[in-house]
Amino acid sequence: MPFSFLAKAKPTNNLSSTAMALCSTFCPRIPTNFRVKPISSFPSNSPFCLSFKVYSSQATDASFQDKFTGRVGFLGLGIMGSPMAQSLIKAGCDVTVWNRTKSKCDPLISLGAKHGSSPEEVAANCDVTFAMLADPESAIDVACGKNGAVSGMGPGKGYVDVSTVDVATAKLINGHIKATGALFLEAPVSGSKKPAEDGQLIFLTAGDRALYDSVASLLDIMGKSRFYLGEVGNGAAMKLVVNMIMGSMMASFSEGLLLSKKVGLDPNVLVEVVSQGAISAPMYSVKGPSMVKSLYPTAFPLKHQQKDLRLALGLAESVSQSTPIAAAANELYKVAKSYGLSDEDFSAVIEALKAKSHNTA
Ligand SMILES: NC(=O)C1=CN([C@@H]2O[C@H](COP(=O)(O)OP(=O)(O)OC[C@H]3O[C@@H](n4cnc5c(N)ncnc54)[C@H](OP(=O)(O)O)[C@@H]3O)[C@@H](O)[C@H]2O)C=CC1
Ligand SMILES: O=CCCC(=O)O
């Protein structure tokens, strides 16, 4: 379990070594396989204070890998892809980017990234290529379509798809990539815009273990933890189960906020009460106050949450698992989409429950 570690220490050139030494000294129960990542440091003329994130590299298998020194491609620079690629550039990686809408590449180019004119060109020029795309259709198109990444892949290369897709899509892309002699890893992420900006994502990986090992240091730049789940499809399945739970939680929270208001309670107080009890969740504390104000600044677009519920329901169907709560939540997100809220944050699902105001609008 990652935890923050704050220490006063004389800064050295090797901040990580300093932090590891401090942790070993002052946290005797820390696992021997811990790693550290600076959260913040201060100039040497300020009080000597360092803050570090301490984490196990993997719950069940903590192998430490060498720093990845090859060329890194990044396809898809939306809400998530942009900050992830930015973290890699800022960490000193040699990054080449591509995005369907070219203008989104410009801020990264100004930070030092190269630009590839197609997914094929990026894959051909890089050792490992990451893809962060909207949905199964775009993930397949960018990997396997005309001038897609597959055309630039080959032995010695790797493709890491971090998009949220279904099991069949992950397996399809895996098949195309593997046919070129390259390696494949699916690695969808838990965590949203802010964790992506802060390098605090959780990677849910599956596929070629050798590729997982070789890109571990890149995953650690972008994330706080990583799980290796075995065969391709397990990453997608884990991600869909997590987001199925999240979508239902948000729908239920929305009902609670509106009910509290209708019975004369202050929904802000409800948010506070929830935050102190057993059902406390960062999601409620972060989104609740703006939901009360009917504000939905987009971190996770509602259309993607509905996509994930749809894919999760398909997954449940494939094994005859009953999921009535998720099915009801999915309907609510579909209503919200019909209100034109696709690109709002998924917390805008609450608007689908304000039927009266929308019907009369
Ligand atoms: N936002 C979040 O909090 C999280 C999102 N995810 C998942 O990550 C993925 C990306 O999410 P996010 O960054 O929020 O989404 P965005 O909608 O912000 O970005 C989507 C990306 O996909 C590209 N794209 C869409 N359609 C096509 C296409 N047909 N061909 C080529 N490129 C295409 C977009 O290109 P263009 O710029 O040209 O439109 C853009 O780069 C999704 O699968 C999502 O479910 C996972 C965890 C958290
Ligand atoms: O897929 C989106 C996940 C968002 C989150 O984990 O906060």
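In listed order, ligands and their atoms are each counted from 1. All heavy atoms count here, side chains included; hydrogens, waters and symmetry mates do not.
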#### Entry: Ser190 heavy atom under 4.0 Å from ligand 1
no
### Query
Numbering the atoms of ligand 1 from 1, which are under 4.0 Å from a heavy atom of Leu77?
41 (O)
### Message
Salt bridge check, Asp308 against Lys239: does any charged N sit closer than 4.0 Å to a carboxylate O?
### Response
no
## Note on the structure
Contact region, Asn99 to ligand 1, non-hydrogen atoms below 4.0 Å, reads side chain
### Task
Quick one: sort the Tyr212 and Tyr228 rings into parallel, tilted or perpendicular, breaks at 30° and 60°.
tilted
### Query
Any heavy atom of Lys307 sitting closer than 4.0 Å to ligand 1?
yes
### Message
Below a 4.0 angstrom heavy-atom separation, can you tell me which part of Arg100, side chain or backbone, both or neither, approaches ligand 1?
### Response
both
### Message
Using a strict threshold of under 4.0 Å (side-chain N to carboxylate O), is an ion pair present between Lys224 and Asp198?
### Response
no
### Query
So does Asp127 pair up with Lys157, basic N to acidic O under 4.0 Å?
no
### Message
Is there a polar contact, in the sense of an N or O pair closer than 3.5 Å, between Gly191 and ligand 2?
### Response
yes
#### Entry: Protein heavy atom at shortest distance from atom 4 (C) of ligand 2
Met246 CE, 3.8 Å
### Query
Which atoms of ligand 2 sit under 4.0 Å from any heavy atom of Lys239?
1 (O), 2 (C), 3 (C)
## Note on the structure
ligand 2 atoms nearer than 4.0 angstrom to some heavy atom of Phe300 are 1 (O), 2 (C)
### Query
Considering distance alone, does some N or O of Thr164 sit under 3.5 Å from an N or O of ligand 2?
no
